Amino acid sequence: MTDRITVHVRSEDPVSEAGVISMLRPRPEVRLHDGADDPAVTVVVADVFDPTGYQLLRSAQHSGPSRLILLVSRLQDHQLALAAECGAAGIMWRASVNGDQLVRMIQTVAAGDGHLPPDLQERLLHLLGQSHGRDQRLGIVQVADREIDILRLASEGYDTPEIALKLSYSERTIKNVLHAFITRHHLRNRTHAVAFALRKGLI
């Protein structure tokens, strides 16, 4: 069996936390965090992304190398931008999530990819489009054609295996290119890299 992914669930609401834990406990693909080591993925559960939810996600971001998933009921535009800035690699709506979907999201995020619901993708692109003009004065960022191709496909929602197939690269190459871009521009994660590329007019 493939190694199980260690998952930590955090929420200010004990009932919400217990509900997600009970959803994950029987799944053979994951192992609930017991404090013995760093979790690979942290699932932050919030009804609304208010200051408490923001602080919870920010705390998870700074507590270790764990990749972050936000389960939320409502998310306004400015809160979506904050969640991305806090390193949320994946966002899911609480009302529609089930065990299979959550495990798939955990596997996707643990592999270094990210995912937003289609409606949030559209909202994020709109927000970035509004800020694009304001950022032009910061200058043009020089990037390789291969980076642009990968970032463009990532912005369209393709995951690493799909990008590798479309561009005839190995998955390792895709991950290495994204990692180099993220490191070079001091970004937080893949979602932040796509947002940065859009703001700079690279894709």
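What you see is a predicted model, and the numbers here were worked out from it, not measured in a lab. Values reported hereafter were calculated over all heavy atoms of this structure, with side chains retained and with hydrogens, waters and symmetry mates removed.
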L24 side chain reached by L32 side chain, heavy atoms, under 4.5 Å: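 The answer is yes, as the side chains (C-beta and beyond) meet within the 4.5 Å cut-off.
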
Do the non-hydrogen side-chain atoms of D113 and P161 ever get within less than 4.5 Å of each other?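 Yes. Closest side-chain heavy atoms under 4.5 Å.
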
Looking at CG of D34 and CZ of R31, how far apart are the two atoms once the value is rounded to the nearest 0.5 Å?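 Between atom CG of D34 and atom CZ of R31 there are 5.5 Å.
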
Look at the rings of Y54 and F49 and say which category their plane angle falls in: under 30° parallel, 30 to 60° tilted, over 60° perpendicular.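 Ring orientation of Y54 relative to F49: perpendicular.
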
Under 3.5 Å, is there a donor-acceptor pair between the R58 and Q61 side chains?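 Checked: R58/Q61 side chains pair up, N/O donor to acceptor below 3.5 Å.
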
Is there a path from I106 to V109 through hydrophobic residues (I, L, V, M, F, W, Y) whose side chains come within less than 4.5 Å of each other?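 Yes; V109 is reachable from I106 via cluster members.
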
Carefully, step by step, assess D47 and S73 under the rule side-chain hydrogen bond (donor to acceptor under 3.5 Å, both in side chains). CA-CA 5 Å; D47 184 36; S73 298; 2.8 Å; yes

Is the closest basic N to carboxylate O distance between R184 and E147 below 4.0 Å?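 Yes.
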
Note: R146-D149 ion pair, threshold 4.0 Å (strictly below):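 No.
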
Please walk me through it: do L68 and N189 pass side chain to side chain contact (heavy atoms under 4.5 Å, CB included)? CA-CA 10 Å; L68 303 180; N189 52 40; over 6 Å; no

Could you point out which residue of L57, V43, L56 forms a side chain to side chain contact (heavy atoms under 4.5 Å, CB included) with R10?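 Exactly one option meets the side chain to side chain contact (heavy atoms under 4.5 Å, CB included) with R10, and it is L56.
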
Evaluate the side chain to side chain contact (heavy atoms under 4.5 Å, CB included) criterion for residues V9 and M23: first the C-alpha distance (whole Å), next the side-chain angles of each, then the deciding distance (0.1 Å), finally the verdict. CA-CA 11 Å; V9 180; M23 187 185 298; over 6 Å; no

